[in-house]
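A short write-up of the structure that comes next.
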Amino acid sequence: MLIFIARRLLFALALLFAVSAFTYVIFAALPSDPAALTCGKNCRPEVIATNRVRLGYDKPIVVQYGQFLNGIFKGRSYGVSEGVHCPAPSLGYSFRKHQCVTDLITRSLPVTASVALGAFVLWMLIGVGLGTMAALKRGRWPDRLATGFSVVGISLPTFFVGLLAIMVFVIWTGLLPFPRYEGITSNPAKWFMSLILPWFTLAIVSASSYVRLTRNGILEVMNEEFVRLGLAKGLRRRTLIIKYVMRAALLPIVTIAGLDFAALLGGAVITESVFNLPGMGKLSIMAVNDSDLPILVATTLVAAVFIVIANAFVDILYGFLDPRVRLN
Amino acid sequence: MTNTTPLLSVRDLHVSFKTNDGIVKAVDGVSFDVANGQTMGIVGESGSGKSVMVSAIMRLNFGTDVIVSGQILLNGIDLLALPESEMRQVRGRDIAMIFQDPLSALNPFYTVGYQVAEAYLVHHPKTSKAQVEAIVLNALDKVGIPDARKRMKSYPHEFSGGMRQRIVIAMALINQPKLLIADEPTTALDVTVQAQILELIDSLREENNSAVMLITHDLGVVAETIQQVMVMYAGRTAEYATVQDLFDTPSHPYTQGLLRAVRSFDQSTRGSLVSISGTPPSLINLPEACAFRPRCSQEMGPQSACATQRPELRTIGASQSACHLSADEVSRVQREAFSK
Amino acid sequence: MTPILEVRDVKKYFPSGSSRVLQRPTGQVKAVDGVSLSLQKGKTLGVVGESGCGKSTLARVLTRLIEPSSGSIFLEGEDVTRISGSELRRMRRDIQIIFQDPYSSLNPRHSVGEIIATPLRIQKTVAKSEEVGRVKELMHLVGLNPEHFNRYPHEFSGGQRQRVGIARSLALNPKVIVADEPVSALDVSIQSQILNLMQDLQTKLQVAFVFIAHDLSVVRHIADDVAVMYLGKIVELGPANIVYGHPTHPYTKALMSAVPVANPVSGRKIGRIVLTGDVPSPIDPPSGCRFRTRCWKAQDICASNEPELLDRGDGRVSACHFPELEA
């Protein structure tokens, strides 16, 4: 098992390296000239040329990538004369915002993490809960209710649910204040209040597919021979559902949930935009609009890192949960 | 209770399912007895209702759209009338089961030792850990799992097919049930392993003095270990007889056809095989006539009883047979095709 | 006469252990380990063995659905082991396969007419306008009602579905059909219908069969020659009447006696050989003779020397150090 874990982590590390190189090269290949973006619209060509040399954009791509990697591990100075230094791990410097990219990300990530974590907990509760209920009461009204919820949830776009939630809870009834993000450390109560709507919005949309996954998974496992044998042994239905059915049915859901959660950490673009949350998604959108290449490289990379880590984590978890994987 | 009361007595059992296309009558009025210590065989092809019947006896149907009626008397107590909590006590303690495919019947997430122990602990919850382990070891030993102490900690997928079926048998017999239902116990196994498993079931039956209900599609398996046989077709009983009588003087045209088909396989000459023409009927909206009529070689015409009345089980020769043919006609066929 | 199909020393090894990246396979499953066979035009070769003997792998190698690790395959004397592209496509006309499970081998979303016509469309052997006619002709040939060509597989019983599979395999007038357990998923009363059909078709169309089964009694009636396989190797091969009449390999003998006979008098355990244990894993087969761990005649030599397939003087070969020769 230890060898399995070590091997899996080693693979994740190699993958991270490959992903970072790939991301870097793709963005470097874009037709936009990063040096031209370093000063305003009415920039003189000489300034652009000097800046290109200063920033190292004149060097071959491999060297540039080497500097980028170096920055991650050792920190890096940008510019030459009044040079800005970003300490390690430095993911670059945004000349648009005149800030180290790492600082931007460390400010945005907690926001996205707050949104993601709360939404994730909620959607797993709703999705798996409703799905289980639907499966156990198949064909009766709880099933129809849950399946109906899932159909509606899947067909509604996130921005629509988000705007609807604001309309109903903020504008019409005034039950909640308009969400304005507040850090958890500065004011936990406000933090919570400001996230309720985004959490539910994201959860309802994402939970829909989990209702269906859980329901179908449970129904499928209930037809398995080993469940019939468990019943034939004299086990209680409740024991059987928990020990036999749920365990087998939730296994594939763990995989999907892990990856979905990781993807969310890369930024919930629409939800963050609707609720005006300064998270990773918002940061990426702004970077796209500004053609702020260093930020884009960094956010893409961070998102990829989460996916790779989640993948490794899920694989290792699977090894613990399913003896058939463990022994191969 | 006297000795003449059968251990299990099934009376006029009906099992049907509601589907979108109509009601499927999977079991349609079946009655039979299993005596203490006896091996009873139920033979039928796919769609004959034999496996559905087993589920009904154990009340294993999870869904709600199954309709069961009739009586299933275990030592005189109707299992269909028991509340679920009492039925649970019957399962695994009084009646245990062996399934067709031991790989899918074992839970892939738990060790075999755990699963065998679980079967014991359900009905003996206050046993100490050491005691349970000793009992499990003994049970695995008995069914011939080598190195049982070590193998207890292995998972089902680490065993071969034959070994897995032995584990399922160990699990089934750990509470010394009065009745063991074996639903196609050797169908998923290799031929050379099949004989081992059948012999194991029979020797354990003798040792525990329990009764066995063996469900199979294979007449060859029936000939091995069984005393009393019921042949099912389309959810109904076609013929009910002792093994000897069934093989020597089969009365129902379906049994006759089946036997001729199987025997033509066993003959050494190369050439055409005997078959039963046509295909099994759909169980939806079965006519109240003979279900075998469309495939029957001795069917007496569209105006006869074959087409209008459902044949009741009656004594023909040495068997109980559900057929409209006269006893003379039946014995004529028997003389022609089955005299030795 | 040149055999219609011949294989020489065919091997197929699969890597075992894990196929994940960065994990080297820990061993090899020698699924088929040096098999040589030949089949004449219009004849039937039965291949019999239990699970893990490699018979299904062999079927897929013969039809080039998977690549052999080594050895050669000849179709009408022509080496087809390494052909690809249009040559391979042409070869597929001549050699077809029928699968075991008539429930999962037919696409449920296509009508049986479309299923049977698929090979015609791929190979473009029949003009579009004649397609329906050819499909109906094929359905008639295998005993299906040609008017049912618009129906879907779920409307047919298991036996009828297998007839659809047979019709599909016949669509291109193949010279060889490899049938992988074509009747083992069917009821006994239906099995004989399908076997009779296959025999009739052979007489009519002069097609050769490789008939793969786990059950000796199924092959008995249809095979001219029979090959018995155990753990990737042929242990006995010869004319069916000779092998069945007097098996020389202990495994063949055990396999024959293990089939339960539907007769309570003669069947009950008279002369029954009950083998102990299960078939060993093909990842780590026993040294020397692979059957020795379950054989009642095994001696020291069986563990050290692998027996060769030797001619027993009656047109049959078997691989055993202590064969059951006639007195």
Side-chain angles (χ1 to χ4, degrees), chain A residues 1 4 131-144 214-255 317-328, chain B residues 18 51 54-55 57-65 84-112 114-125 153-158 167-168 171-172 174-175 177 181 183 188:
Chain A
M1 191 66 200
F4 172 70
T132 310
M133 183 182 82
L136 297 183
K137 305 271 175 201
R138 182 166 62 141
R140 280 178 274 167
W141 67 265
D143 183 16
R144 290 200 201 107
T214 312
R215 177 181 182 272
N216 294 350
I218 289 181
L219 287 180
E220 198 174 297
V221 177
M222 277 200 333
N223 282 324
E224 292 274 355
E225 282 287 286
F226 68 81
V227 176
R228 276 183 80 221
L229 181 66
L231 195 61
K233 274 157 116 176
L235 291 177
R236 281 168 198 276
R237 265 164 216 255
R238 199 174 345 117
T239 321
L240 210 55
I241 297 276
I242 295 166
K243 259 170 75 178
Y244 279 50
V245 178
M246 294 297 271
R247 171 150 191 195
L250 291 184
L251 208 57
I253 294 178
V254 166
T255 316
L317 191 67
Y318 228 101
F320 279 105
L321 294 178
D322 192 338
R324 287 167 296 185
V325 175
R326 197 180 313 161
L327 285 138
N328 283 334
Chain B
K18 275 184 195 151
S51 288
V54 170
S55 290
I57 293 173
M58 293 287 272
R59 285 176 43 190
L60 292 185
N61 303 302
F62 245 129
T64 47
D65 27 13
E84 175 62 24
S85 60
E86 282 174 51
M87 185 61 210
R88 214 179 58 234
Q89 295 300 316
V90 173
R91 289 189 204 117
R93 196 192 59 191
D94 298 334
I95 310 179
M97 255 187 99
I98 307 172
F99 289 69
Q100 172 169 350
D101 179 4
L103 179 59
S104 54
L106 289 167
N107 191 328
F109 302 115
Y110 298 96
T111 62
V112 300
Y114 180 87
Q115 293 185 57
V116 177
E118 190 181 48
Y120 186 78
L121 278 169
V122 183
H123 299 289
H124 305 83
K153 297 184 188 79
S154 302
Y155 289 90
H157 67 272
E158 299 171 78
I167 291 161
V168 176
M171 206 184 296
I174 201 157
N175 296 312
I181 302 178
D183 188 1

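What's counted below: heavy atoms across the whole structure, side chains too, no hydrogens, waters or symmetry copies. Reminder, nothing fancy here: chain letters follow the sequence lines and each chain counts from 1. Everything quoted here is computed from the prediction, not taken from an experiment.
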Sort [X] into side chain, backbone, both or neither according to what part of it lies under 4.5 angstrom from a heavy atom of chain A.
| X | value |
| --- | --- |
| Met97(B) | both |
| Met171(B) | side chain |
| Thr111(B) | neither |
| Ala96(B) | neither |

Rounded to the nearest 0.5 Å, what separates atom [atom1] in [X] from atom [atom2] in [Y]?
| X | Y | atom1 | atom2 | answer |
| --- | --- | --- | --- | --- |
| Thr239(A) | Glu118(B) | OG1 | CD | 8.5 Å |
| Asn107(B) | Lys243(A) | CG | NZ | 9.0 Å |
| Phe226(A) | Asp101(B) | CZ | CG | 12.5 Å |

If every non-hydrogen atom of [X] is compared with every non-hydrogen atom of [Y], which pair is closest and at what distance?
| X | Y | answer |
| --- | --- | --- |
| Arg324(A) | Pro108(B) | CZ-CB, 3.6 Å |
| Arg59(B) | Leu231(A) | O-CD2, 4.5 Å |
| Leu251(A) | Phe109(B) | CD2-CE2, 3.7 Å |
| Phe99(B) | Leu229(A) | CE1-CD1, 3.0 Å |

- Heavy-atom side-chain contact between Pro323(A) and Glu158(B) under 4.5 Å: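 Contact flag for Pro323(A)/Glu158(B) side chains = no.
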- Message: Is it the case that over 12 heavy atoms from other parts of the model lie below 6.0 angstrom from the CD atom of Glu220(A)?
- Response: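 No, CD of Glu220(A) has 12 or fewer neighbouring heavy atoms, counting only those of other groups under 6.0 Å.
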- Message: If we ignore hydrogens and angles and just use 3.5 Å, is the side chain of Lys233(A) paired with the main-chain N or O of Gln115(B) as donor and acceptor?
- Response: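 Looks like yes, one N/O pair under 3.5 Å.
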- For chain A, find which of Ala172(B), Pro156(B), Ala119(B) contributes the most heavy-atom pairs closer than 4.5 angstrom.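 Highest number of pairs under 4.5 Å: Ala119(B).
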- Looking at Gly92(B), Ala105(B), Pro177(B), which one has more heavy-atom pairs under 4.5 Å with chain A than the rest?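 Looking at each of Gly92(B), Ala105(B), Pro177(B) in turn, Ala105(B) comes out on top.
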